[in-house]
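Below is one structure, written out as structure tokens; the observations come after it.
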There are 2 protein chains.
Amino acid sequence: MRLTTRSRYGTRMVLDMAQHGKNGLVRIEDIARRQDISAKYLEKLVRQLKGTGYIKSRRGPNGGHALAKPPGEITIGEIVRVLEGTPSLVDCSGNSQNCPRLEECLTHRAWQEVTRVMYEKLDSITLEDLLESPRPCSLEKNPENP
Amino acid sequence: MRLTTRSRYGTRMVLDMAQHGKNGLVRIEDIARRQDISAKYLEKLVRQLKGTGYIKSRRGPNGGHALAKPPGEITIGEIVRVLEGTPSLVDCSGNSQNCPRLEECLTHRAWQEVTRVMYEKLDSITLEDLLESPRPCSLEKNPENP
DNA sequence: GCTAAACCTACCATGGAGGTAGGTTTTTGG
DNA sequence: CCAAAAACCTACCTCCATGGTAGGTTTAGC
């Protein structure tokens, strides 16, 4: 059970845009160089995020990409959801009813709950949170909760 | 980002043991039939769980497997941890320091936090909880938390 | 000592993640 | 108007872990 590189690279990408795009557009090539990720690969990620409205772009010379919303209004949960094709930890945990064992499946609800708390956490972290976190970054907004 | 079938099959397997092993051992063949999972595959899973002390076995005729502890004392977090080789959602999120970007990695802490809350939830659910959950199972022990 | 079960080692296949190649289209600046 | 810079697009490739199988060997009960 791992996050794919899509989510991780994608998050670093939008974070890079937030950092370097204060006053304008950011070129894929620049992100690729700074983050040490293949530009071609970033292209694919940017396309997905553009399709869902998180990024706007302009072509041609002096073109580039930028976040469509301020960093404080984009959570990493949103990014991860877009880039991981699969919204749930297990197939049967979604609303799809294609699991023949659903009725007798004691575990179903458990996976659902775990998926929920995971995205709850992801949705509580905005790009701005990440930018503002001091290094070494302690993200503790709700220290140990209870 | 998905749970592997190892975790899911494994959880169903130990759950089956809890259900049918009240007074004795459970044969792999029987679990395989009831859960509709290949016996050979279950063999592999049982071996991993045996290695970590969650299952005890007896060979020969009338042999079989049983949980080494009562269902109330085994969490699905423990099962998942054993069967997913990888304890963290991302490589760099463990204690391993092999990520060259660690210092400048704003996202590191976030993945760590998400991994933590996920296992926190997994560790809060025992096999007994699953057995006792009414169908359709509402697992809400702490309804919406806060 | 026969049989039932766990136990073990090795192997295989397939999908999808991760990455690359080679373009086409839009836009700007000279 | 043209050339260059950037986004945009389609197609392909490689690799390896997951998921699964085959064919045994060892232990123990009758």
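Hydrogens, waters and symmetry mates play no part in the numbers below; they use all other heavy atoms, side chains included.
Between A:Glu120 and A:Arg116 there is a salt bridge, since a side-chain N of the basic residue sits under 4.0 Å from a carboxylate O of the acidic one.
A search for side-chain contact (heavy atoms from CB on, under 4.5 Å) contacts involving A:Val117 returns B:Lys121, not counting sequence neighbours.
Side-chain contact, B:Glu73 with B:Thr126: no donor N or O sits under 3.5 Å from an acceptor N or O. Residues A:Tyr9 and A:Gln35 have side chains that never bring a donor and an acceptor to within less than 3.5 angstrom of each other.
Atom P of nucleotide C:dA17 and atom CZ of A:Arg8 are separated by 13 Å, given to the nearest angstrom. When rounded to the nearest whole Å, the span between CG of A:Asp30 and P of D:dA6 equals 8 Å. A:Glu29 has its CD atom 14 Å from the C1' atom of D:dC8, to the nearest Å. For the pair B:Leu49 CG and C:dA6 C1', the computed distance is 15 Å after rounding to whole Å. The distance between atom CG of A:Leu45 and atom P of C:dA17, rounded to the nearest whole Å, is 12 Å. Atom pair B:Gln48:CD and C:dT9:P shows a separation of 14 Å (rounding to whole Å applied). With rounding to whole Å, A:Arg2 atom CZ is found 14 Å from D:dT18 atom C1'. In this structure, A:Lys56 atom NZ and D:dC8 atom C1' are separated by 19 Å, rounded to whole Å.
Side-chain nitrogen and oxygen atoms of A:Ser57 include at least one within less than 4.0 Å of the OP1 or OP2 phosphate oxygen of D:dC8. OP1 or OP2 of D:dA6 sits under 4.0 Å from a side-chain N or O of A:Arg27. Side-chain N/O atoms of B:His65 include one lying less than 4.0 angstrom from OP1 or OP2 on C:dC7. Contact between the side-chain N/O atoms of B:Ser38 and the OP1/OP2 oxygens of D:dG20 is not found at any separation under 4.0 Å.
For A:Tyr9, the listed nucleotide lying nearest its side chain is C:dG19; candidates were C:dG19, C:dA6, D:dC8. Set against C:dT27, C:dA17, D:dG20, the side chain of A:Arg59 has C:dT27 as its closest nucleotide. Taking every side-chain heavy atom of A:Pro61 into account, D:dA4 is the closest of D:dA4, D:dA7, C:dA17.
The residue A:Lys50 sits close only to the backbone: its heavy atoms come under 4.0 Å of sugar-phosphate atoms, none of a base. Residue contacts for A:Glu43: at a heavy-atom cut-off of 4.0 Å it reaches a base atom on one of the strands shown. The residue A:Arg47 sits close to a base: some heavy atom pair falls under 4.0 Å.
When each of A:Lys40 and A:Asn62 is assigned the nucleotide of DNA chain D with its nearest heavy atom, A:Asn62 is the one assigned upstream, toward the 5' end.
Side-chain atoms of B:Thr5 never come within 3.5 Å of backbone atoms of B:Arg8 as a donor-acceptor pair (strictly under, hydrogens ignored).
In terms of polar N and O atoms assigned as donor or acceptor, the side chain of B:Lys44 never comes within less than 3.5 Å of the base of D:dG19 in a complementary pairing.
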